[in-house]
2 protein chains.
Amino acid sequence: MARPRREQVRKEIAEEIKSVARNQMSQYGTAGLSLRAIGRELNITAPAIYNYYPSLDDLITVLIVDAFEDLANSMETARANASPANCVTKIEAILFAYRQWAIEHPVDFQLIYGNPIPGYEAPVEVTGPLARRPFLGLFELYTEALKTGEMTLPEEYQPAPQSIRGYLKTWHETSGIEAPDELVCLLMVGWARIHGLVMLELFHHLQPVVGDVGALYAYEIRAFHKRLGMRA
Amino acid sequence: MARPRREQVRKEIAEEIKSVARNQMSQYGTAGLSLRAIGRELNITAPAIYNYYPSLDDLITVLIVDAFEDLANSMETARANASPANCVTKIEAILFAYRQWAIEHPVDFQLIYGNPIPGYEAPVEVTGPLARRPFLGLFELYTEALKTGEMTLPEEYQPAPQSIRGYLKTWHETSGIEAPDELVCLLMVGWARIHGLVMLELFHHLQPVVGDVGALYAYEIRAFHKRLGMRA
DNA sequence: ATAATAAAATAAACACTGTAAATTTACAGT
DNA sequence: ACTGTAAATTTACAGTGTTTATTTTATTAT
């Protein structure tokens, strides 16, 4: 007879394994986690973990999913907690949350945006949509700011490159997002700006030069928004 | 009697090992190279490699050194081959070389600017100065452009943050580089911009959105220089 | 040519790793 | 108590970096 599984216990143990894995990864890097080491810490043999995750890769996948969701949640709560006066304050709260999360979870950030793990291949059908989620709010807010006139497109970003305009024609249909080509481009280079700053900070390429990287981050964001005509 | 070592042969073999290592790394990622696999490919046992590199870490270090130098050389030859008409053409040639090199040597780029390798700790005394080299030419050119009036500092980037200005006071003495604080900051955020674009491109985060990432890269650089008042 | 010698390669061993298969243990339902 | 199954363990295999001791190889001096 099919006995009712102890789903509760199962879930707890799976969660415990994930937690230990996350902890070990934060110590030894994304490529440095080991089933046997996890087992040792839990007083469990390594093969026992296979009852909860079919392979090391599956464990990595759930870690990635968790990381994406955690990042998205952090950005969304930052938006919710921001003063609702205007778009720019909410946007800046989200952007600061991006860096803050990366600093507080450097290995999770590497897991999401850094080098691929040697043997591992991410399942794109699950990882693709997740990767977009953290930025949906930003897209929404910038689009709104453009519509209300709170923001204007600087002349040096006009027009968008021909090849990209052509590509975006089909992209608009598949993604369902409606926005001027120049805005899409601007948001992409905007993302690259903060992403580059965070990446360089995480691997200590900026500290020796500017000292206070947080100040540089705020400086770049404020300059960006000033250029777009947005005022806090 | 101390017999003269076969330095020539030694060097050749060491080079061969390095070459195979680089090749394997490009296949299996920065964390995926194996002494035993290198040995197999060279019909050599793994411990034999220890005669040429004291450990795997030392091998990684020379790969990093090589990568830094190769990147710097690519950027310098790009500058040399550019039309010497004005600063901006040379600068843009260098910046395009940065991306080009990253695309042609993605794993070397990850080795330099990506996740740290699990057990490996880079020797800062050798890796530090090397990390600056690729950008010395850029620093020089932008400084010159500012001096000749070919470039101006946009108002949204003035003034530089207080904390960074304080830090730069000591930095100018140790680095020997003389430049306005705002220029240093602008170059750092400028680096972050192209670095972020390259990083996102390398891990395929931009292609699904804009299609032609190269066009986006040129677009961002041209907009940057347009904003600085520089004309090609 | 031969003997001496140092360099370089190997073999063996150690402590690890992920994973597969077989086996034992523990427990819920009858 | 018995049975069926979930979940753990044991065992094994093929791989990893590295150390040690040993052997082979190559070169130089006689």
Side-chain angles (χ1 to χ4, degrees), chain A residues 1-18 20-25 27-64 111 116-122, chain B residues 1-18 20-25 27-64 111 116-122:
Chain A
M1 272 285 94
R3 167 167 26 121
R5 296 181 184 179
R6 304 176 302 164
E7 281 298 338
Q8 187 56 30
V9 179
R10 255 195 91 81
K11 232 178 149 186
E12 275 170 20
I13 296 180
E15 206 66 30
E16 211 166 0
I17 291 170
K18 204 166 67 181
V20 172
R22 188 176 298 286
N23 187 43
Q24 296 213 345
M25 207 177 61
Q27 284 184 52
Y28 307 110
T30 54
L33 59 82
S34 142
L35 289 183
R36 292 186 123 108
I38 294 169
R40 267 195 301 276
E41 194 162 325
L42 290 171
N43 287 319
I44 286 280
T45 55
I49 299 175
Y50 283 80
N51 286 313
Y52 302 93
Y53 299 97
S55 77
L56 182 61
D57 279 15
D58 295 80
L59 180 53
I60 293 174
T61 298
V62 309
L63 289 175
I64 290 177
L111 191 62
I117 294 176
Y120 176 78
E121 188 91 29
Chain B
M1 272 286 91
R3 170 165 25 118
R5 297 178 184 180
R6 306 174 304 160
E7 282 298 338
Q8 188 57 30
V9 179
R10 255 195 92 80
K11 232 178 149 182
E12 275 170 20
I13 297 179
E15 206 67 29
E16 212 165 356
I17 291 170
K18 203 166 67 182
V20 173
R22 188 174 299 287
N23 187 43
Q24 296 215 342
M25 207 176 61
Q27 284 184 54
Y28 307 111
T30 55
L33 59 82
S34 140
L35 288 182
R36 292 186 124 109
I38 294 169
R40 265 195 303 276
E41 192 160 329
L42 290 171
N43 286 319
I44 286 280
T45 55
I49 300 175
Y50 283 80
N51 287 313
Y52 303 93
Y53 299 96
S55 77
L56 181 62
D57 280 15
D58 294 81
L59 179 54
I60 293 173
T61 297
V62 310
L63 290 175
I64 290 177
L111 192 62
I117 295 176
Y120 176 77
E121 186 90 31

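Values below: all heavy atoms of this structure, side chains included; hydrogens, waters and symmetry mates excluded. Naming: A, B, ... by sequence-line order, numbering from 1 per chain.
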- Message: Applying side-chain contact (heavy atoms from CB on, under 4.5 Å), can you list everything that pairs with B:Pro116, at least two apart in sequence or on another chain?
- Response: A:Gln110, A:Phe203

- Query: Rounded to the nearest 0.5 Å, how far does OH of B:Tyr50 lie from OG1 of B:Thr45?
  - Reply: 11.0 Å

- Any residue meeting salt bridge (Lys or Arg N to Asp or Glu O under 4.0 Å) with A:Glu15, in chain and number order, not counting sequence neighbours: A:Lys18

- Query: Base, sugar-phosphate alone, or nothing: which one does B:Ser34 contact when heavy atoms must sit under 4.0 Å apart?
  - Reply: sugar-phosphate

- Task: Please test B:Ile49 against B:Leu56 for side chain to side chain contact (heavy atoms under 4.5 Å, CB included), starting from the C-alpha separation and ending with a verdict.
- Result: CA-CA 9 Å; B:Ile49 300 175; B:Leu56 181 62; over 6 Å; no

- Range-with-range stems for DNA chain C, at least three Watson-Crick or G-U pairs under 3.5 Å: C:1-30 with D:1-30

- Minimum-distance nucleotide to A:Ser55 side chain [options: D:dT18, C:dT19, C:dA11]: C:dT19

- Message: Whether B:Arg10 contacts C:dA6 is assessed here as follows: a side-chain N or O lying under 4.0 Å from the phosphate OP1 or OP2. Is that the case?
- Response: no

- OP1 or OP2 of D:dT18 under 4.0 Å from side-chain N/O of B:Tyr50: yes

Find every protein N or O atom lying less than 3.5 Å from an N or O atom of nucleotides 12-14 of chain C, and list the pairs.
none

- Item | Candidates D:dA7, D:dT18, C:dT19 - which lies nearest the side chain of B:Ala46 | D:dT18

- Query: Excluding sequence neighbours, so at least two apart, what forms side-chain contact (heavy atoms from CB on, under 4.5 Å) with A:Asn51?
  - Reply: none

- A:Arg40 side chain N/O closer than 4.0 Å to the phosphate oxygens (OP1, OP2) of C:dT17? yes

- Message: Determine whether a donor-acceptor pair (N or O, by modelled atom type, separation under 3.5 Å) exists between the side chain of B:Tyr53 and the backbone of B:Ile60.
- Response: no

- Message: Any side-chain N or O of A:Asn51 below 4.0 angstrom from OP1/OP2 of D:dA6?
- Response: no

- Query: Is the phosphate of C:dC16, meaning OP1 or OP2, less than 4.0 Å from a side-chain N or O of A:Tyr28?
  - Reply: no

- Message: From the set D:dA8, D:dT16, C:dA8, return the single nucleotide nearest to any side-chain atom of B:Ala37.
- Response: D:dT16

- B:Leu35 side-chain proximity, nearest of D:dG17, D:dA8, C:dT10: D:dG17

Side-chain atoms of residues 31-44 of chain A: list all donor-acceptor pairs with protein atoms under 3.5 Å, sequence neighbours left out, distances to 0.1 Å.
residue: A:Ser34; atom: OG; partner: A:Arg36; partner atom: N; Å: 3.3
residue: A:Ser34; atom: OG; partner: A:Ala37; partner atom: N; Å: 2.9
residue: A:Glu41; atom: OE1; partner: A:Gln24; partner atom: NE2; Å: 3.1

- Please indicate whether B:Tyr28 has more than 12 foreign heavy atoms, meaning atoms of other residues, nucleotides or ligands, lying under 6.0 Å from its OH. no

- Give a yes-or-no answer on whether the side chains of B:Ser55 and B:Asp58 include a donor-acceptor pair shorter than 3.5 Å. yes

- Item | Phosphate contact (C:dA9 OP1 or OP2) by B:Thr45 side-chain N/O below 4.0 Å | no

